[in-house]
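These notes concern the structure reproduced below.
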There are 2 protein chains.
Amino acid sequence: MSIADDFDLQNFLPYLLNQAAEVSSLRFQQVYKDRYGMLRTEWRVLFHLGIYGKMTAKEIGKRSKMHKTKISRAVAKLAERRFLTRHRDGADRRLEYLELTEAGQRAYRDLRQVAMEYDSALAARFSDADMATLKRMLRTLASDAA
Amino acid sequence: MSIADDFDLQNFLPYLLNQAAEVSSLRFQQVYKDRYGMLRTEWRVLFHLGIYGKMTAKEIGKRSKMHKTKISRAVAKLAERRFLTRHRDGADRRLEYLELTEAGQRAYRDLRQVAMEYDSALAARFSDADMATLKRMLRTLASDAA
DNA sequence: CGTTGTTAGTTACAAAACCAACTGTTAACA
DNA sequence: TGTTAACAGTTGGTTTTGTAACTAACAACG
């Protein structure tokens, strides 16, 4: 009972997912951290704006599932560093449109390149079929844990 | 360039892994948090001791890849709640053996049951072959990001 | 209009994580 | 032995996150 239980942590999916996520995030983190002093929340906001263009904090929240306070702080940091600008909506003055500056777009394109190369390096360790299976399953798991 | 870029965040493996990990951890977190007021670090330490039996903080660190300060604080909390006991090694007095108390083992067995049921529920959404592929790939990714 | 409810976003405070320096102990080896 | 290095584990101070309450603006409906 107290020694050598047969439950295996390495087979417990949430644990395994966390380990894989942590390890695989590390190298990319080093780049956006060392190169731009960004946090995870910040590169995510940067990427959302880089990919989809101008949008509000609310929309970023819906797409990324990040909490609005995290987004608010990430936006403040990115604005302070002149990576994005904020524009109030004329009709509904609660809304604020966020848009990358030239500097923000340069940072985005730079990091996007790193991300793509890193993703390819990770994918190279597996067959195309396995990668497709993996991504499909991860998307299912991410969309809602049964 | 600024609008509708073609990079897809949902295909960037580190991002996708994080999303899946976060969502799939949530339900289990609710149980150990609501039922025992534990943190993630604490259930991990509890499980390591429940599964492998008596060991030192150092060994837990090696197996779990958690930083020693996290482990130290989790152990302190678990000891305070009488879920584990600490015994100095007679020969090398730097070492401290950690072992679950009866209460600790009860908590472990309770949570292990929850974990197993949750894992089964997650697995039920996929074929056995796909689950095997998923776990194999996650283990590869967790062991070292190329 | 005016009250009540809802929404977008921010701020304040507490909880947790991170990093570096620390204590106490053993090992290495001149 | 004596000195220096290495190791197990802890503590302190800062950063980051989480939670809840807040402000400012709009909407619904009497």
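To find a chain, count down the sequence lines: A is the first, B the second, and so on, and within it residues start at 1.
Atoms CZ (A:R40) and C1' (C:dA17) sit 12 Å apart, rounded to a whole Å. In this structure, the CE atom of A:M66 is 18 Å from the C1' atom of D:dT19, given to the nearest Å. Here D:dA25 presents its P atom at 18 Å from NZ of A:K58, a figure rounded to the nearest Å. The separation between B:E42 atom CD and C:dA17 atom C1' is 13 Å, rounded to whole Å. Straight-line distance from the CD atom of B:Q30 to the C1' atom of D:dT19: 15 Å, rounded to whole Å. One atom, CG of A:L39, and another, P of D:dT14, lie 18 Å apart when rounded to the nearest Å. Here D:dT17 presents its C1' atom at 11 Å from NE2 of A:H67, a figure rounded to the nearest Å. Whole-Å rounding puts the A:I60 CD1 to C:dA8 P distance at 13 Å.
Against DNA chain D, the stretch residues 75-97 of chain B makes heavy-atom approaches under 4.0 Å through B:R86, B:R94, B:L95, B:E96.
Of the listed residues (B:R73, B:R81, B:K70), just one forms a salt bridge (charged side-chain N to carboxylate O under 4.0 Å, His left out) with B:E42, and that residue is B:R81.
Among the heavy atoms of the strands lying under 4.0 Å from A:T69 is at least one base atom, whether or not backbone atoms are also near. Across all strands, A:K62 comes closer than 4.0 Å to no nucleic acid atom at all (heavy-atom distances).
Around the CZ atom of B:R88, the shell of radius 6.0 Å holds more than 12 heavy atoms that belong to other residues, nucleotides or ligands. Within a 6.0 Å radius of NZ in A:K135, other residues, nucleotides and ligands contribute more than 12 heavy atoms.
Listed nucleotides D:dG9, D:dT19, D:dT11 differ in distance to B:K68; the shortest reach to its side chain belongs to D:dG9.
Contact between the side-chain N/O atoms of B:K33 and the OP1/OP2 oxygens of D:dT19 is found at a separation under 4.0 Å. For C:dC18, one of the phosphate oxygens OP1 or OP2 lies less than 4.0 angstrom from a side-chain nitrogen or oxygen of B:K70.
Cation-pi check for B:R63 over B:Y52 is met; the charged atom lies under 6.0 angstrom from the ring centroid and within 45 degrees of its normal.
Here the two rings, on A:F28 and B:Y15, have centers that are 6.0 Å apart or farther.
For D:dG18, its base sits under 3.5 Å from the side chain of A:R73 at one donor and acceptor pair at least.
Using a 4.5 Å heavy-atom cutoff, the side chains of B:I60 and B:L49 are in contact.
A:Y36 places no side-chain N or O within donor-acceptor distance of the main-chain N or O of A:V31, the cut-off being under 3.5 Å.
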